[in-house]
Engineer: 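Structure provided below as structure tokens; questions to follow.
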2 protein chains.
Amino acid sequence: MLEALGDPTRRTIFESLAGGPRSVAEIANGLPVSRPAVSQHLKVLKDAGLVSSTSVGTRRLYAVDQEGLAAIRGYFERFWHQALAAFAEAAEKPPEEKT
Amino acid sequence: MLEALGDPTRRTIFESLAGGPRSVAEIANGLPVSRPAVSQHLKVLKDAGLVSSTSVGTRRLYAVDQEGLAAIRGYFERFWHQALAAFAEAAEKPPEEKT
DNA sequence: TTCAACCGTAAGCCGTAGCTTACGGTTCGT
DNA sequence: ACGAACCGTAAGCTACGGCTTACGGTTGAA
């Protein structure tokens, strides 16, 4: 899931969807890559559950998937708390390593 | 920064640091890769500002960098709110596209 | 001071991710 | 019914990322 956002181009595409749904051609304009490339990236993002698509006429509108974004948010939230807890615990028992 | 967490192995390493500081050899044990590989991954994570290291004797203890983690957390937090705002706005004016 | 433990870096190989071009399928307009 | 607009997928090339092996440097112990 995070590997989908690892690629810079894909992350740019994802961020361009934050302002609302967009079509493939719209996204491709303003990007230094071809339209098929964008299409492939969108497929990856969709498989990762980060975006959703709806057909409108001949166009295809892509938008950020709320659940997917929430999942990532939750991931880092948990990570954050866990790291804080470990840090606090290590602050109390300073010399206690070796395993 | 997110591209550092794109690689699965690197993400595993990062997650293994959530429970507290660890040495390179400790991390390498339990992973299906060699120690130098772990070392290289740690370098990437460090350059990305996600981990920090301290020398203890001949060992090197790596730990998650609070600031780096906070930065990522903030990134998704902002993204989340922005996406919500765009979604709410789109819910009011249904037919209003074309740019 | 010599040996062992622990680690970072260089060199090199190999798989794959990302890009482009080319093609075929839908859908709307005329 | 024909053409144009919009898009997804296949094929193929290239660059790069991740891994291993090999080496050298530093620290602590005997």
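Chain letters run A, B, ... following the sequence lines, proteins first and then strands; every chain starts at 1. Not measured: the values here are computed from a predicted model.
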Engineer: In whole Å, what is the span from the OH atom of Tyr62(B) to the P atom of dC6(C)?
Structural biologist: 15 Å

Engineer: Please determine whether a side-chain nitrogen or oxygen atom of Thr9(A) lies at a distance below 4.0 Å from atom OP1 or OP2 of dC19(C).
Structural biologist: yes

Engineer: Distance-only, no hydrogens or angles: does the Arg35(A) side chain make a donor-acceptor pair with backbone N or O of Ala28(A) under 3.5 Å?
Structural biologist: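 Absent.
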
Engineer: Could you tell me how far apart Leu2(A) (CG) and dA17(C) (C1') are, to the nearest whole angstrom?
Structural biologist: 17 Å

Engineer: Given atom CG of Asp7(B) and atom C1' of dC19(D), what is their separation to the nearest angstrom?
Structural biologist: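 That distance rounds to 11 Å.
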
Engineer: Check whether Ser16(A) reaches the backbone of Ile13(A) with its side chain - one donor and one acceptor, N or O, closer than 3.5 Å.
Structural biologist: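 At least one qualifying donor-acceptor pair exists.
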
Engineer: So, for Phe76(A) and Tyr75(B), is the gap between ring centers shorter than 6.0 Å?
Structural biologist: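 Aromatic pair excluded; centres sit 6.0 Å or further apart.
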
Engineer: Have a look at Ala37(B) and say if it touches a base, only the backbone sugar-phosphate, or nothing, with a 4.0 Å heavy-atom cut-off.
Structural biologist: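 If one applies the 4.0 Å heavy-atom cut-off, Ala37(B) turns out to touch a base.
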
Engineer: Respond yes when some side-chain nitrogen or oxygen of Ser23(B) is under 4.0 Å from OP1 or OP2 of dC7(C), and no when none is.
Structural biologist: yes

Engineer: Please answer whether the main-chain N or O of Ser23(B) pairs with a side-chain N or O of Glu26(B) as donor and acceptor at a distance below 3.5 Å.
Structural biologist: yes

Engineer: Rounded to whole angstroms, how far apart are CZ on Arg22(B) and C1' on dC7(C)?
Structural biologist: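 Between C1' of dC7(C) and CZ of Arg22(B): 17 Å.
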
Engineer: May I have the distance from Arg59(B) (atom CZ) to dT27(D) (atom C1'), rounded to whole angstrom?
Structural biologist: 13 Å

Engineer: Hey, does the side chain of Arg78(A) reach the backbone of Gly74(A) with a donor-acceptor pair shorter than 3.5 angstrom?
Structural biologist: yes

Engineer: Specify the residue among Thr58(A) and His41(A) whose closest nucleotide of DNA chain C lies further upstream toward the 5′ end.
Structural biologist: His41(A)

Engineer: Between the base of dG8(D) and the side chain of Arg35(A), is there any donor-acceptor pair under 3.5 Å?
Structural biologist: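 Flag set: donor-acceptor pair detected.
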
Engineer: Between dT16(C) atom C1' and Arg10(A) atom CZ, what is the distance in whole Å?
Structural biologist: 13 Å

Engineer: When you measure from the side-chain N and O atoms of Ser34(A) to the phosphate of dT20(C), is any distance below 4.0 Å, counting only OP1 and OP2?
Structural biologist: yes

Engineer: Expressed in angstrom and rounded to an integer, what is the separation of Gln40(B) atom CD from dG17(D) atom P?
Structural biologist: 12 Å

Engineer: What's the NZ-P distance between Lys46(A) and dT9(D), to the nearest Å?
Structural biologist: 9 Å

Engineer: Under 4.0 Å between a side-chain N or O of Ser39(B) and OP1 or OP2 of dG8(C)?
Structural biologist: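 For dG8(C), OP1/OP2 do have a side-chain N/O of Ser39(B) under 4.0 Å.
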
